[in-house]
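Both counts, for ligands and for their atoms, begin at 1 and track the order of listing.
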Amino acid sequence: MDALAPVPLNDGHTLPALGFGTWRVSGEDAAEQVRSALGAGYRLIDTAASYGNEAEVGRAVATSGVPREEVLVTSKLRGADQGYDAALRGFERSLGALGLDRLDLYLIHWPLPARDLYVDSWRALVRLREEGVVRSVGVSNFTAAHLDRLVAETGVTPAVNQIELHPGFVQEEMRAANAARGVVTQSWGPLGRGKGLLETAEVRAVAAAHGVSPARAVLRWHHQLGVVPLPKSADPRRRRENLDIGGFVLTGEEMAVLGTLPQRRLGGDPDTHEE
Ligand SMILES: NC(=O)c1ccc[n+]([C@@H]2O[C@H](COP(=O)([O-])OP(=O)(O)OC[C@H]3O[C@@H](n4cnc5c(N)ncnc54)[C@H](OP(=O)(O)O)[C@@H]3O)[C@@H](O)[C@H]2O)c1
């Protein structure tokens with residue numbers, strides 16, 4: 001496997017080019033998967049307060065044998081903890097559950113615009129970064145308008161915006177909006193969440209042309225778009241396979257073909273989603 005260059009952030013730090021997702025994995029399964037992912041070479045682990053697995057993720061990081069300073073842990077502020085004081089308390093709970101003394105990346109999970117608390121929440125995240133208990137701060141599922149409001153009202157641009165992104169939902173405008181503001185895009189649901197993307201003729205043809213699996217072809221597509229995918233797999237062989245995206249390059253035509261699949265959002269709409 002070729003090493004993939006780390007991705008620079010607007011705060012001077014970097015992110016690994018690919019991370020491991022932990023949505024809907026709990027208990028001993030979560031601890032086992034994260035420990036095994038770290039053993040396979042993942043160095044960015046994505047969790048969230050609302051996943052209910054922070055304790056297991058933290059235990060896995062602590063017992064993986066990989067030095068803590070080599071691992072980046074992301075967590076996210078859940079909707080019930082939005083607001084300035086509530087966000088500070090929510091962060092303390094997450095950090096306590098994880099058993100860590102600092103977080104590497106902390107995101108507002110959803111903007112929840114109807115509640116109108118995301119700017120206050122953002123001020124709390126900025127304070128946590130200034131205090132040094134969070135290395136980088138960012139958001140998830142934010143639109144360009146939400147990003148602009150944060151910047152206008154606080155002067156601080158998020159380092160990351162984690163959004164739904166896969167060949168079945170290519171998010172060209174949102175990727176461009178993030179890039180124009182110096183925000184790194186992370187892809188959630190990068191493999192299309194097991195809903196048929198990897199079985200499409202287009203993905204299979206591109207994969208076959210390089211002698212790789214459909215998942216590797218799709219993750220390479222993300223990498224060549226300049227975004228950071230966060231694939232999840234319960235299968236150790238697939239976890240290793242998903243890391244192995246460095247030894248081949250998709251042509252411009254192949255990149256374009258993967259961008260022409262029927263487009264459909266699989267998760268919530270940032271303007272209306274409620275947690
Ligand atoms: N910020 C947000 O609002 C948000 C929302 C959703 C998700 N996320 C994050 O993004 C992560 C990834 O998204 P996701 O879990 O929804 O979906 P995903 O990673 O796109 O898809 C996971 C599915 O793909 C399958 N898969 C994985 N590797 C494969 C391979 N090599 N070959 C064939 N199938 C493969 C998995 O099955 P097996 O397990 O059987 O391999 C699983 O069914 C989450 O875990 C979470 O950390 C964030």
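Taking 4.0 Å as the cut-off between side-chain N and carboxylate O, R68 and D104 count as a salt-bridged pair.
Checking D46 against Q162 by side-chain atom types alone, a donor-acceptor pair falls below 3.5 Å. With no hydrogens or angles considered, no side-chain donor-acceptor pair links H166 and Q171 at under 3.5 Å. Residues H273 and E275 have side chains that never bring a donor and an acceptor to within less than 3.5 angstrom of each other.
Under 4.0 Å from any atom of ligand 1, one finds heavy atoms of residues G21, T22, W23, D46, Y51, K76, H109, W110, S140, N141, Q162, W188, G189, P190, L191, G192, R193, G194, L198, A215, L230, P231, K232, S233, A234, R238, E241, N242.
Remark: aromatic rings of H109 and Y51 are close, center separation under 6.0 Å.
Figure legend: R264 and F169 shown without cation-pi pairing, the cationic atom not lying both under 6.0 angstrom from the six-membered ring centre and within 45 degrees of its axis.
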